[in-house]
Structures are given as structure tokens and as C-alpha cells.
Participant: 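Quick one: structure below, then a few questions.
Source: prediction; values computed, not measured.
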Amino acid sequence: MSSKKQMLGDRLLDQGHITRKQLAEALIAQSKEGGLLGGILVEMEIITEEVLAAVLGCSETAAANSIDKSILSAIPEHLMRKHRMFPVRIAENRLYVAMTEPFNILAIDDLRLFTGYDIEPLATAEKEINLLIEKHFGTPEVVMAMQDLGIEPEAGEGDEIVKNVFIDEAPVIRLVNSIITRAIDEEASDIHIEPFEHAIRIRYRIDGFLTEIMNLPPRMIFPIVSRIKVMSNLDIAERRLPQDGRIPLKLPGCAIDLRISTMPTMFGEKVVIRILNKGNARKYTLKQLGLSGSNLSRFLDFVRAPHGLLLVTGPTGSGKTTTLYTVLNEINNIEKNIVTIEDPVEYVLEGINQAQVNDKAGITFINFLRSVLRQDPDVIMIGEIRDAQTAEIAVQAAVTGHLVLSTIHTNSAPGAVTRLINMGIAPYMVASSVMGVVAQRLVRRICANCKQKHIPDNSETVFSGLGHDSILFSGKGCEICGFTGYKDRIALYEVMKMTPPLQSIILKNASTEEIRAEAVREGMTTLKADGLKKAVNGLSTVKEIMRTCFRE
């Protein structure tokens with residue numbers, strides 16, 4: 001056994017990752033089967049790849065570096081895949097290479113002879129290297145599809161768009177399916193397929209952030225877009241105008257609805273695919289969304305009320321629809337007639353009458369609302385209050401014995417009140433109809449697998465008001481969270497209850513700032529305060545709260 005292998009075993013023992021018995025078992029397996037000690041310990045599930053990388057002294061990983069694309073040609077793709085390695089940077093005739101087996105002398109010697117550089121191996125988890133290879137060269141499914149189509153994987157200037165490939169050919173179908181199924185597996189909310197001069201960029205929106213997944217040759221844009229258009233019943237021949245469509249998918253254990261949007265650009269049509277998992281509408285409770293304490297108590301009072309207007313406000317993508325669907329599931333029972341008017345219907349809810357507007361056919365929110373009021377409803381959910389007429393009917397329905405739920409675009413709970421007044425609703429009608437307003441934002445949740453203690457820096461202490469010796473939390477980054485330190489999202493809430501003092505100042509045409517000040521005196525927790533509470537409790541980070549509530 002070499003000294004390096006012995007040193008690795010000693011380090012693992014010293015740091016308490018393995019016992020002497022486990023080391024002995026691994027050494028016996030190595031003597032029989034060969035291979036590297038670290039890899040054998042991982043295969044025997046005695047340690048994880050992350051532990052191995054940490055003990056090997058990796059101070060620099062591939063994920064922590066901005067990869068210079070000019071060095072990708074230093075190592076052939078087939079060698080990267082064969083030896084699970086990826087070039088990170090070049091400095092002073094030394095090539096730094098992320099490797100799963102940094103003590104693989106044969107691979108390092110091959111690399112030194114091929115590149116002419118001195119090789120500096122960096123121990124890195126295998127999944128991290130796989131993600132980098134797939135991002136820059138595509139998944140195995142993508143590579144196989146392009147080979148079957150006779151297309152070289154390298155994207156270069158002067159590539160012509162492929163128009164002579166049949167969109168129903170198996171390779172094209174496999175290519176598009178792999179892009180979609182991988183996005184679903186990684187729990188992405190959107191897929192962006194973007195054509196540029198030298199490459200097609202594929203990005204997924206995961207936990208609110210766009211992440212580049214792979215690049216494809218620009219010549220592939222026509223067959224990819226055409227295949228997606230066929231799947232969503234769009235016009236293949238029309239490439240000058242934007243189009244919208246949908247693709248329903250049945251997968252084991254879940255039903256997926258894909259909303260397709262195409263838009264012409266300089267280098268071809270860009271496609272955005274919104275992924276709606278219909279099971280998500282039934283998987284949350286109000287508490288799981290992030291409501292707790294007084295916010296949860298107030299919210300429950302709203303949804304149990306027999307009549308009144310409940311507004312949920314926030315920017316696009318802040319989870320307003322998910323909150324309303326969760327409310328509907330909470331109050332849905334055989335005794336209630338619940339009707340929704342949406343544009344579009346995002347999730348189908350069992351036992352609830354859902355209607356979708358169609359502006360082109362003249363079926364608008366206003367027309368539907370007038371009809372719904374003759375349908376003996378107990379609860380009405382309006383997808384969004386966009387104009388004065390919709391707002392007026394919603395307010396009238398709320399004061400005539402209906403529970404009305406809706407969304408409105410404002411930055412805060414108090415801002416929803418002034419927004420209704422600016423639409424032309426009389427202050428006395430707003431004060432008497434609105435029982436509560438809920439503002440919300442989404443922040444990323446700390447990954448439970450790699451959560452660690454965190455000492456706040458100066459910017460965090462200034463924003464939060466916490467001391468420099470406060471103990472917070474952050475995610476170190478692991479393969480479960482894609483090395484981001486975050487996994488999933490949680491909502492921040494600002495729940496404003498309409499009280500007599502608030503009604504009084506609204507009747508006097510108070511400003512948004514005056515309404516906010518009174519609401520805080522009446523017990524409203526601001527978005528920033530709710531966020532900092534979640535950061536202190538280890539659910540998110542102060543950096544996330546700063547990013548989301550920087551104007552609070």
C-alpha cells in the first residue's frame with residue numbers, strides 16, 4: 001500500500017469518519033479487487049463522496065469557480081467522461097483539474113502527456129463533475145440523440161439550422177423528452193430554450209433562480225422548437241409571431257401540465273416551458289407554506305369568515321396562486337359551493353367549480369363574475385383583480401354575503417388598500433368589504449442536508465440589527481441541493497387585519513405609509529420581520545431576506 005493511501009486512511013481515522021475495523025475491511029477489499037482506497041470506502045458506503053473530497057483537502061471545487069470556456073478544449077470530452085474529470089483553470093503552465101479520483105496516477109499521467117501541462121488534481125464529488133460535463137457537453141441522452149442525427153456536438157460559428165430533420169424522428173423525440181424529464185426530476189418551475197449565434201442555451205429555473213444546464217449546437221433549434229410545437233398543437237410554419245400552447249403529461253405518480261410560450265428572436269425562436277405539477281396544489285397546508293404564530297391565526301380567521309374580501313398580493317412568481325389554492329383545499333367541503341374564475345386554470349381541484357376566461361371569445365373576468373353571482377356561490381375565487389370593474393363587482397359580492405378571494409399586484413399589504421381606492425372604489429366600500437390583506441414573497445430554504453452555523457458579516461448585522469456574535473445558519477452546499485446551499489422555498493408573510501382603527505384612517509384617505517404604521521400598531525408583522533424570524537430559526541438566510549426585502 002502506498003504512503004498516500006496510508007495517509008488517507010490515517011486522516012479518515014483521525015477525523016472520526018471511519019473505525020479501524022472499517023479501514024481494515026476496505027484494505028482487504030483493495031488487496032483483492034484493486035482500486036483506490038477512497039473509492040472503495042465510498043462504494044462500501046462507509047463514507048460519502050463529500051467526506052472524501054473534504055478529507056483529501058480540496059480547497060477549490062469546480063462549482064466554486066467560474067469555468068473559462070476557452071480551457072474546455074484542453075481535455076477531450078471522452079477523457080472527461082471516462083476519468084470523471086473536468087478542467088477548472090490554467091495558471092503558470094499548471095492545469096487544475098477537478099477529479100473524483102485525485103490519486104489516479106495513470107489518469108494524471110495520461111493527462112500530462114496529452115496536454116503538456118503539469119496537472120494539479122482537485123478532489124471533487126462525482127455528481128458535481130457530472131453536472132459540469134452535462135452543462136457544457138449535454139447529458140448522455142442528448143449526446144446519443146445528436147450522434148443519431150449525424151450532428152457534431154461542438155457548436156461553432158457558421159453552423160446552419162437543421163431543417164431537413166423530421167420532427168417525429170426518434171432522436172429528436174428523445175432529445176426533447178430528456179430536456180423536459182430532467183427539468184421535472186430537478187423540480188424546476190420553468191425551462192428556457194434560448195437560441196444565440198454560437199449555441200442554444202438551456203436553463204432551468206430552480207427555487208426561483210435560473211441555472212444554465214447545457215449548451216447545444218445552434219443548428220438544433222429548428223427540430224427542437226418544431227417538436228415542442230407539435231406536442232403543444234402550435235403552428236409549425238409560423239415562426240414570426242409568438243404562440244402559446246400546453247402539453248398535458250401523465251407520469252408515474254403525478255400529472256404534469258406544461259405551458260408553452262414561443263417568441264421569435266434574432267437567431268430563432270425562444271421557448272419557455274412552465275411546469276405545473278398538479279399534485280402541488282394538494283400537498284401543502286397553510287402552516288407548511290410558512291404561516292405561523294399570529295400570522296397563521298389571523299389567516300385562519302379570514303378563511304373561516306362567512307363573507308368578506310381577502311386579498312393576496314405580491315410580485316409575479318411569489319406564490320400567490322399556491323396560497324389561494326391551499327385556502328380552497330382547506331375550506332372545501334360538501335356544504336360549500338366554491339367557484340373560481342381564472343386565467344388560466346393552473347391546477348384542477350376536486351369538488352370545486354373552476355372556469356377559465358377567454359378574452360378572444362369575449363369571456364372576461366367581468367362577464368364570468370356576473371354569471372357566477374347567479375350561481376348561488378358561497379366562495380368565489382377571482383384569479384386577479386386587474387381593473388376597476390372587476391374590483392367593483394368583487395367588493396359588492398363581499399358585502400352581500402360572499403367570501404371572495406383574489407390577488408392584486410402591489411408591493412405590500414397596506415398598498416392593496418390604496419390600490420383599490422385608486423381604481424375608483426370608494427374608501428367606505430374598501431373599509432367595509434376588505435377583511436384582510438396578505439402580502440408574500442418567496443425565499444430559498446436552507447438545505448437540511450448541509451446546514452451549518454454561520455457568523456453574520458457586517459452587511460447582515462446592519463440589515464438585521466443582530467450582533468456580530470449572533471449564530472445564524474447557512475448551507476455549505478452538497479449534491480442534494482446542487483451545491484447551492486438551498487433546497488426548496490418558503491414564503492414570507494405580512495398579514496394585515498382590517499380593524500376599526502384602520503377603517504377609521506382609510507375613511508380619511510390615509511396614505512399607504514400611514515396605513516402601514518397603523519397596521520403595525522395593530523399587530524401586523526412586516527415581511528422583513530417575518531423573514532428575520534425565519535432566518536434566526538434556521539429556515540433561511542439573512543442574505544435571502546436582504547435580497548427579497550431590501551426596500552422594507
Participant: Would you say the side-chain atoms of E494 pair up with the backbone N or O of A413, donor to acceptor, closer than 3.5 Å?
Facilitator: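 At least one qualifying donor-acceptor pair exists.
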Participant: Quiz question: by atom type and distance under 3.5 Å, do the side chains of S474 and T541 form a donor-acceptor pair?
Facilitator: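 Not at all, the side chains of S474 and T541 share no donor-acceptor pair under 3.5 Å.
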Participant: Strictly distance-based, threshold 3.5 Å: is any side-chain N or O of D257 a donor or acceptor partner for the main-chain N or O of L276?
Facilitator: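 Not at all, since once roles are kept as given, no pair shorter than 3.5 Å links the two residues.
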Participant: In this structure, are over 12 heavy atoms from other groups packed under 6.0 Å from Y117 atom OH?
Facilitator: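 No, the 6.0 Å shell around OH holds no more than 12 heavy atoms from other groups.
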Participant: If you measure from CD1 on I179 to CZ on R174, what distance do you get to the nearest 0.5 Å?
Facilitator: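 Nearest 0.5 Å value for the CD1-CZ distance: 12.5 Å.
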Participant: Side-chain contact, heavy-atom cut-off 4.5 Å: I193 with K270?
Facilitator: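 Answer no - side chains too far apart.
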Participant: Could you go through I108 and M99, starting from their C-alpha distance and side-chain angles, then the distance that decides it, and tell me whether this counts as side-chain contact (heavy atoms from CB on, under 4.5 Å)?
Facilitator: CA-CA 10 Å; I108 292 173; M99 300 180 65; 4.0 Å; yes
Participant: Return yes if some donor-acceptor pair links the side-chain N/O of K476 with the main-chain N/O of N449 below 3.5 Å, else return no.
Facilitator: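 Side chain of K476 to backbone of N449, a donor-acceptor pair under 3.5 Å: no, none is there.
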Participant: Tell me whether R205 contacts the main-chain N or O of S189 through its side chain, where contact means a donor paired with an acceptor under 3.5 Å.
Facilitator: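 No.
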Participant: Would you say T323's side chain and G319's backbone share a donor-acceptor pair under 3.5 angstrom?
Facilitator: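 Flag set: sc T323 to bb G319 pair under 3.5 Å.
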Participant: Closer than 3.5 angstrom, by distance alone: can the side chain of S232 be matched with the main-chain N or O of I260 as a donor-acceptor pair?
Facilitator: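 Pair absent, no side-chain N/O of S232 close to backbone of I260.
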Participant: Looking at A416 and T410, what are the two nearest heavy atoms and their distance?
Facilitator: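 Shortest heavy-atom contact: N-OG1, 3.6 Å.
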Participant: Is the shortest heavy-atom distance from the side chain of T265 to the side chain of M263 under 4.5 Å?
Facilitator: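 Side chain of T265 against side chain of M263, heavy atoms only: contact under 4.5 Å found.
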Participant: So which atom in G485 and which in C450 form the shortest heavy-atom distance, rounded to 0.1 Å?
Facilitator: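 The pair with the smallest heavy-atom distance is CA-SG, 4.3 Å.
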Participant: Side chains of L492 and V443: closer than 4.5 Å at any heavy-atom pair?
Facilitator: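 L492 reaches V443 side chain to side chain.
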Participant: Does a side-chain heavy-atom distance below 4.5 Å link L289 with T326?
Facilitator: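 The answer is yes, as the side chains (C-beta and beyond) meet within the 4.5 Å cut-off.
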Participant: Applying side-chain contact (heavy atoms from CB on, under 4.5 Å) to L328 and L324, what does each step give before you reach the verdict?
Facilitator: CA-CA 6 Å; L328 293 178; L324 286 181; 5.6 Å; no
Participant: Write down the atom of R489, the atom of G208, and the distance for their closest heavy-atom approach.
Facilitator: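 For R489 and G208, the tightest heavy-atom pair comes out as NH1-CA, 3.4 Å.
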Participant: Does the side chain of K534 come within less than 4.5 Å of E544's, by heavy atoms?
Facilitator: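 No - every pair of side-chain heavy atoms lies 4.5 Å or more apart.
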Participant: Are I90 and Y96 side-chain neighbours, meaning at least one heavy-atom pair lies under 4.5 Å?
Facilitator: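 No, their side chains stay 4.5 Å or more apart.
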Participant: Evaluate M546 against E460 for side-chain contact (heavy atoms from CB on, under 4.5 Å), listing each step before the verdict.
Facilitator: CA-CA 8 Å; M546 291 170 62; E460 291 172 304; 4.2 Å; yes
Participant: Is a donor on one side and an acceptor on the other found under 3.5 Å between the side chain of N537 and the backbone of K533?
Facilitator: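 Such a contact is found between N537 side chain and K533 backbone.
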Participant: Short question: side chain of E194, backbone of I200 - any donor-acceptor pair under 3.5 Å?
Facilitator: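 Pair absent, no side-chain N/O of E194 close to backbone of I200.
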Participant: State, with a plain yes or no, whether a side-chain heavy atom of P87 is found less than 4.5 Å away from one of L95.
Facilitator: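 Of all side-chain heavy-atom pairs linking L95 with P87, at least one is under 4.5 Å.
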Participant: To the nearest 0.5 Å, how far apart are CD1 in I119 and CZ in F114?
Facilitator: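 Rounded to the nearest 0.5 Å, the CD1-CZ separation comes out at 11.0 Å.
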Participant: Would you say E197's side chain and F267's backbone share a donor-acceptor pair under 3.5 angstrom?
Facilitator: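 No, E197 side chain to F267 backbone: no donor-acceptor pair under 3.5 Å.
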Participant: Shortest non-hydrogen contact from A98 to I129?
Facilitator: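 It is O-CD1, 3.6 Å.
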Participant: Rounded to the nearest 0.5 Å, how far apart are CD of E342 and CD of E384?
Facilitator: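 The CD atom of E342 sits 12.0 Å away from the CD atom of E384.
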Participant: May I ask you to test the V438-L310 pair for a side-chain heavy-atom distance under 4.5 Å?
Facilitator: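 When only atoms from C-beta onward are counted, L310 and V438 do touch, with a gap below 4.5 Å.
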Participant: Salt bridge or not between R259 and D244? Use side-chain N to carboxylate O under 4.0 Å.
Facilitator: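 So R259 does not pair with D244 through a salt bridge.
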Participant: Distance-only, no hydrogens or angles: does the T548 side chain make a donor-acceptor pair with backbone N or O of I545 under 3.5 Å?
Facilitator: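 No, T548 side chain to I545 backbone: no donor-acceptor pair under 3.5 Å.
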Participant: Does Y486 have R445 sitting over its ring (NZ/CZ under 6.0 Å from centre, angle to axis within 45°)?
Facilitator: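 Because its charged atom misses either the 6.0 Å distance or the 45° angle limit, R445 does not stack over Y486.
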Participant: Which value, rounded to the nearest 0.5 Å, describes the distance between K528 atom NZ and F463 atom CZ?
Facilitator: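 Reported value, rounded in 0.5 Å steps: 4.5 Å.
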Participant: If you measure from CG on D207 to CD on E186, what distance do you get to the nearest 0.5 Å?
Facilitator: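 Reported value, rounded in 0.5 Å steps: 11.0 Å.
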Participant: Could you please spell out the steps behind the side-chain contact (heavy atoms from CB on, under 4.5 Å) verdict for V97 and F86?
Facilitator: CA-CA 6 Å; V97 182; F86 198 89; 5.8 Å; no
Participant: Do the side chains of R94 and E120 get close enough for a salt bridge, i.e. N-O under 4.0 angstrom?
Facilitator: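 Result for this pair is yes, salt bridge flagged.
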Participant: Search all heavy atoms of I75 against all heavy atoms of M80 and return the closest pair with its distance.
Facilitator: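 That would be O-CE, 3.0 Å.
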Participant: Check the pair K82 / D110 against salt bridge (Lys or Arg N to Asp or Glu O under 4.0 Å), numbers first and verdict last.
Facilitator: CA-CA 12 Å; K82 177 182 177 182; D110 286 347; 5.6 Å; no
Participant: For residues K320 and Q440, report the shortest heavy-atom separation together with the two atoms involved.
Facilitator: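 Heavy-atom minimum between the residues: N-NE2, 3.7 Å.
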